[in-house]
There are 2 protein chains.
Amino acid sequence: MENPESGLRSAVYQTILSRRDVRGQFLPDEVPADVLSRLLIAAHHAPSVGYMQPWSFLVIRETETKQRIKALFDTADAEAAEMFSDKKSDQYRNLKLEGILDAPINLCITCDRNRAGPVVLGRTHMPEMDIYSTVCAVQNLWLAARAEGVGVGWVSIVHEGALKAELGLPGHVIPIAYLCIGYVSEFLEKPELETAGWRKRLALKDLIAFDHWNGEASDARDDELLEQSGLDQKAVMNGSFVGSLADH
Amino acid sequence: MENPESGLRSAVYQTILSRRDVRGQFLPDEVPADVLSRLLIAAHHAPSVGYMQPWSFLVIRETETKQRIKALFDTADAEAAEMFSDKKSDQYRNLKLEGILDAPINLCITCDRNRAGPVVLGRTHMPEMDIYSTVCAVQNLWLAARAEGVGVGWVSIVHEGALKAELGLPGHVIPIAYLCIGYVSEFLEKPELETAGWRKRLALKDLIAFDHWNGEASDARDDELLEQSGLDQKAVMNGSFVGSLADH
């Protein structure tokens, strides 16, 4: 992989760009143990601060457990709907935001804040780095799943304390991501919130600065970076922005 | 990609498993604008809570800026070394933990906590979800870089307030990751902290539970999952755990 082929590179970009948060397209088909194990291996190979590997994986298949988690979601979801203005609130209530009971597997990825003792290399000044490491594990799993043709949806509309109690997590372990996992009828072309008109994709070039917050482009390289970052979304989605390029 | 080819799947796993935190192997070769733009496009296509897209990207190329950040690292690094016991402290001082001046590009990925207003879908009960979204963007970029043959190292040994001030970040914007980016002489076979004997890779099967914290395997599927998760590390690294399998 020192001189990566464009095929490999293209595969990675295709996976990243076509990954979706899945809520409404789960199939009941069982996810075989070897597939699920590969997803967990991908997660376990995330970067971790001080090689701490603070994550654990709770695989949830029992219907009763899922039903109790679904009830926690329903409570929080009703509270959330009240927080939006009238028009947004109606739109919010019409969105399907989870697939807890539809997905054959639910997975809670947790972070054990004590896993490597009180002093951890790289965490001495940013104590939240163990949490960031765990999120990297979530994203590894999500991309591996997409490459397997498996959908993942992240449920975040739940009271953290209630979720902790339901799953029996000790005080020093926090739930980072509650995921719904399963094969899907389709991966949607765009994020659902974009299609629904909830929010638009921001222009990447507006999110780039140089050397300092709000620092502007100062040379031709910077200008070229901004221009390339404004590539047409279609070229990004179909991978043609990768395939036509020579290798380094 | 509905029925992914094993070649594509294998490419994604190879990328995930051979990704490294790079500190000492950076080359001065310039990273072309088109390559850097693809890395940012990958980051920008991370999942984000409520489609918030809270990230910004500060591209740092000026030597003077890098030198000031390096000085912030040196201060924190010296403080960190004092926190370990004698033997670990000596070992800590011998580790190279950053490539700030060596890497042609430094990149700070930030999170704007106000980007989508006061009420954000999916963030009503877990306000930290915007930060998690930004970490997903970091991991997307890291994997895209690996597929491009570009190394990335995450510098977390720095006082957050000092970094914010140096880069001129407003109060509502927090620095999530300070990354060193560049081509490399090699990608090491194993994480450096593993090779150095700092910590070992944990056995994945010890990190898996069922339905509840410490919940044990209750059927043949669970047993098979644990068995598959204990696959030999070599099979994981060379991808043979993927290549030999039929598609779903």
Given A/Ala177, A/Ser85, A/Pro170, the one with more heavy-atom pairs under 4.5 angstrom with chain B than any other is A/Pro170
Out of curiosity, B/Glu224 CD to A/Ser37 OG, how far, rounded to the nearest 0.5 Å? 8.0 Å
Can a donor-acceptor pair be found, under 3.5 Å and without considering hydrogens, that links the side chain of B/Asp211 to the backbone of A/Glu62? yes
For the backbone of A/Gly122 and the side chain of B/Ser156, can you confirm whether one donor and one acceptor N or O come within less than 3.5 Å of each other? yes
side-chain contact (heavy atoms from CB on, under 4.5 Å) evaluation trace for A/Leu40 with B/Leu225: CA-CA 10 Å; A/Leu40 298 181; B/Leu225 178 64; 4.3 Å; yes
Decide whether A/Glu166 and B/His212 meet the rule of one side-chain donor and one side-chain acceptor closer than 3.5 Å. no
Give a yes or no answer on whether the side chain of B/His44 reaches the backbone of A/Leu202 with a donor-acceptor pair at less than 3.5 Å. yes
Among A/Val155, A/Val173, A/Val150, A/Thr134, which residue has the highest count of heavy-atom pairs closer than 4.5 Å to chain B? A/Val173
Count the heavy-atom pairs under 4.5 Å between each of A/Thr110, A/Leu143, A/Asp112 and chain B, then report the option with the highest count. A/Leu143
Under a 4.5 Å heavy-atom cut-off, does chain A meet the side chain of B/Lys200, its backbone, both or neither? backbone
Heavy-atom pairs under 4.5 Å with chain A are the metric here; pick the option from B/Leu204, B/Ile176, B/Asp77, B/Leu107 that has the most. B/Leu204
To the nearest 0.5 angstrom, please state how far the CD1 atom of A/Ile41 sits from the CG atom of B/Leu17. 8.0 Å
Taken to the nearest 0.5 Å, the spacing of B/Asp219 CG from A/Arg61 CZ works out to 6.0 Å
Between A/Leu193, A/Thr65, A/Leu121, A/Ile157, the one whose heavy-atom pairs under 4.5 Å with chain B are most numerous: A/Leu121
Counting heavy-atom pairs under 4.5 Å with chain A, the top scorer among B/Ala33, B/Ala209, B/Ser56 is B/Ala209
Closest non-hydrogen contact found for A/Ala80 with B/Thr124 is CB-OG1, 3.5 Å
If we define contacts as heavy-atom pairs under 4.5 Å, which of A/Asp21, A/Val12, A/Asn140 has the most with chain B? A/Asn140
Would you give the length of the straight line joining atom NZ of A/Lys205 to atom CZ of B/Phe57, rounded to the nearest 0.5 angstrom? 14.5 Å
Residue from B/Ser48, B/Gly215, B/Cys136 scoring the most non-hydrogen pairs under 4.5 Å with chain A is B/Cys136
Any sub-3.5 Å donor-acceptor pair from B/Arg9's side-chain atoms to A/Glu148's backbone N or O? no
Go through it in stages, so that I can follow the logic: the residues are B/Val135 and A/Val138, the test is side-chain contact (heavy atoms from CB on, under 4.5 Å), and I'd like the CA-CA distance, side-chain angles, deciding distance and then a yes or no. CA-CA 10 Å; B/Val135 176; A/Val138 175; over 6 Å; no
Against chain A, work out which of B/Ala76, B/Cys108, B/Ser229 has the most heavy-atom pairs shorter than 4.5 Å and name it. B/Ala76
Find the distance between CH2 (A/Trp213) and CG (B/Leu167) and round it off to the nearest 0.5 Å. 10.5 Å
Under 4.5 Å heavy-atom distance to chain B, tell me which part of A/Ala43 shows up: side chain, backbone, both or neither. neither
Answer yes if the side chains of A/Gln139 and B/Tyr132 hold a donor-acceptor pair under 3.5 Å, and no otherwise. no
For a side-chain contact (heavy atoms from CB on, under 4.5 Å) check, start with the C-alpha distance between B/Tyr13 and A/His45, then their side-chain angles and the critical distance, and finish with the verdict. CA-CA 10 Å; B/Tyr13 284 113; A/His45 283 76; over 6 Å; no
Rounded to the nearest 0.5 Å, what separates atom CD in A/Gln14 from atom CG in B/Leu8? 6.0 Å
Based on non-hydrogen pairs under 4.5 Å, which of A/Glu192, A/Glu227, A/Met126, A/Lys88 is most in contact with chain B? A/Met126
Count the heavy-atom pairs under 4.5 Å between each of B/Arg19, B/Met83, B/Glu160, B/His159 and chain A, then report the option with the highest count. B/Arg19
B/Tyr92 versus chain A, heavy atoms under 4.5 Å apart: side chain, backbone, both or neither? side chain
Pairs of heavy atoms under 4.5 Å with chain A: top-ranked of B/Gln228, B/Met52, B/Arg199: B/Arg199
